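Computed from a predicted model, the values in this text were never measured in an experiment.
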Amino acid sequence: MSRPTDPAQPGFDARRFKAMERAGFNRIAARYADGAHLRADLADALLAAAALAPGQRVLDLASGPGLLAGQAALRVAPGGVVLATDIAEGMLAEGARRCGEHADTPCFAAADAEHLCLADASMDRVLAGLALFIFPHPERALAEMHRVLVPGGRVALSVWGARETVPLIHRAQDTIARLLPPPKVPRPSVFRYGQPDVLAATLAAAGFNGIDIRPCAFSCHFADAEAYWQAFLDLAGGAAEALGRLPEAVQAQLRAAVVDDLAHHCCDDGRGGFLVPARTLVASARRPD
């Protein structure tokens, strides 16, 4: 069975990595929220896997602008509460602004998923949408999820599938790899939990049982290559921050070159543009009683 790549390689600095992710997601907060419709099927699948019910206490990790948290809050009303956390305070501010002030609005708080300031056994559900692969030390984040869940509580999370099944991400990565030199210190792969057996083994090693993993596939339509490139940046966090610091001429070269990597995804249903697929995994698991 394969194993996820260990990010703790020579030169890897977890603090610097988190700082770059925080800056990147703060940079893209509004656009990330605007792109929620592209991932609506995935959000629905994750919320279904969480089996939410009125009165539950829910923690949404790496919540960003509270896209999952806002929907979860509606499902646990009345009597429930949702806490949306993220290291990017700009993301949380965007979420709070969009949710407004209502009785069923989530609470927003800056927090590091690897070091939660929450009491043991204080949550009925933990959500983590497209987040586990972002954490420099995912085993610490999973230990924290396990700790804050009540016995019998459930975690529900989503991750990108295997690289070849996610052109939505890897086509832009291909362009970057063709035009730019490799980074001195590679980032942890966003696809490192893309194999079901790897994800299941990781959850089991963290002490969870009742593990259920299901694929969720969706496709995103883009009017042109520019729209695709922007959508990639709107998901990319730290990578978007690094690319945003490049000279404008280099950024323009990347935007122009990505059309070559999208050639296999021309949309032939009359809309034109590109139809780019993505495969994800949605997992749920229980903290043993």
Side-chain angles (χ1 to χ4, degrees), residues 4-9 11-36 38-39 43 46 59-70 82-99 106-118 126-145 148 157-160 169 172-173 176 180 183-193 229-246 251 254:
T5 302
D6 182 3
Q9 51 194 297
F12 182 81
D13 185 332
R15 287 190 177 185
R16 183 175 181 180
F17 176 82
K18 287 182 181 181
M20 185 69 81
E21 290 296 311
R22 177 188 176 202
F25 280 109
N26 279 334
R27 175 192 286 261
I28 64 175
R31 296 193 63 93
Y32 187 96
D34 288 342
L38 297 173
R39 306 177 295 279
L46 190 151
L59 171 64
D60 184 23
L61 292 177
S63 184
L67 303 175
L68 284 174
V82 176
L83 175 61
T85 66
D86 203 287
I87 61 170
E89 69 284 353
M91 277 283 207
L92 297 172
E94 183 68 22
R97 182 184 70 81
R98 290 180 182 241
C99 285
C107 301
F108 292 87
D112 185 333
E114 297 179 3
H115 306 281
L116 295 172
C117 296
L118 293 172
V126 174
L127 312 178
L130 296 177
L132 187 63
F133 49 78
I134 296 176
F135 305 138
H137 303 288
E139 72 283 355
R140 297 180 188 174
L142 287 167
E144 285 291 81
M145 297 181 206
V148 303
L157 58 86
S158 60
V159 297
W160 295 117
I169 303 297
Q173 291 182 335
I176 294 167
L180 300 181
K184 293 180 180 179
V185 180
R187 294 167 52 85
S189 173
V190 300
F191 308 114
R192 55 181 162 151
Y193 295 108
W229 182 254
Q230 186 60 58
F232 167 74
L233 294 179
D234 294 344
L235 278 172
E241 180 67 13
L243 292 169
R245 296 178 183 182
L246 294 173
Q251 295 186 51
L254 289 166

(message) Using 30° and 60° as the class boundaries, would you call the ring planes of Phe25 and Tyr32 parallel, tilted or perpendicular?
(response) perpendicular
(message) Measuring from atom CG of Asp60 to atom CG of Leu83, what distance do you get when rounded to the nearest 0.5 angstrom?
(response) 8.5 Å
(message) Checking the side chain of Glu114 only, and the main-chain atoms of His137 only, is there a donor and an acceptor separated by less than 3.5 Å?
(response) yes
(message) Between the side chains of Lys18 and Glu21, is the shortest nitrogen-to-carboxylate-oxygen separation below 4.0 Å, so that they form an ion pair?
(response) no
(message) What's the separation between atom OG1 in Thr85 and atom CG in Asp112, rounded to the nearest 0.5 Å?
(response) 9.0 Å
(request) Would you list the pairs meeting salt bridge (Lys or Arg N to Asp or Glu O under 4.0 Å) in which at least one residue belongs to residues 233-242, sequence neighbours left out? (result) Arg27-Glu241, Arg31-Asp234, Glu241-Arg245
(request) May I ask you to check if Arg192 and Phe135 form a cation-pi contact, with NZ or CZ under 6.0 angstrom from the six-membered ring centre and within 45° of the axis? (result) no
(message) Quick check for you: to the nearest 0.5 Å, what is the distance between Glu89 atom CD and Asn26 atom CG?
(response) 4.5 Å
(request) Check whether any side-chain N or O of Asp86 sits under 3.5 Å from a backbone N or O of Leu92 as a donor-acceptor pair, and report yes or no. (result) no
(request) Output all residues satisfying side-chain contact (heavy atoms from CB on, under 4.5 Å) with Ala239, sequence neighbours left out; order by chain, then residue number. (result) Arg187, Ala236
(request) Run the numbers on Leu233 and Ile28 for side-chain contact (heavy atoms from CB on, under 4.5 Å), then give the verdict. (result) CA-CA 8 Å; Leu233 294 179; Ile28 64 175; 5.6 Å; no
(request) Would you list the pairs meeting salt bridge (Lys or Arg N to Asp or Glu O under 4.0 Å) in which at least one residue belongs to residues 127-142, sequence neighbours left out? (result) none
(message) For the backbone of Ala29 and the side chain of Glu94, can you confirm whether one donor and one acceptor N or O come within less than 3.5 Å of each other?
(response) no
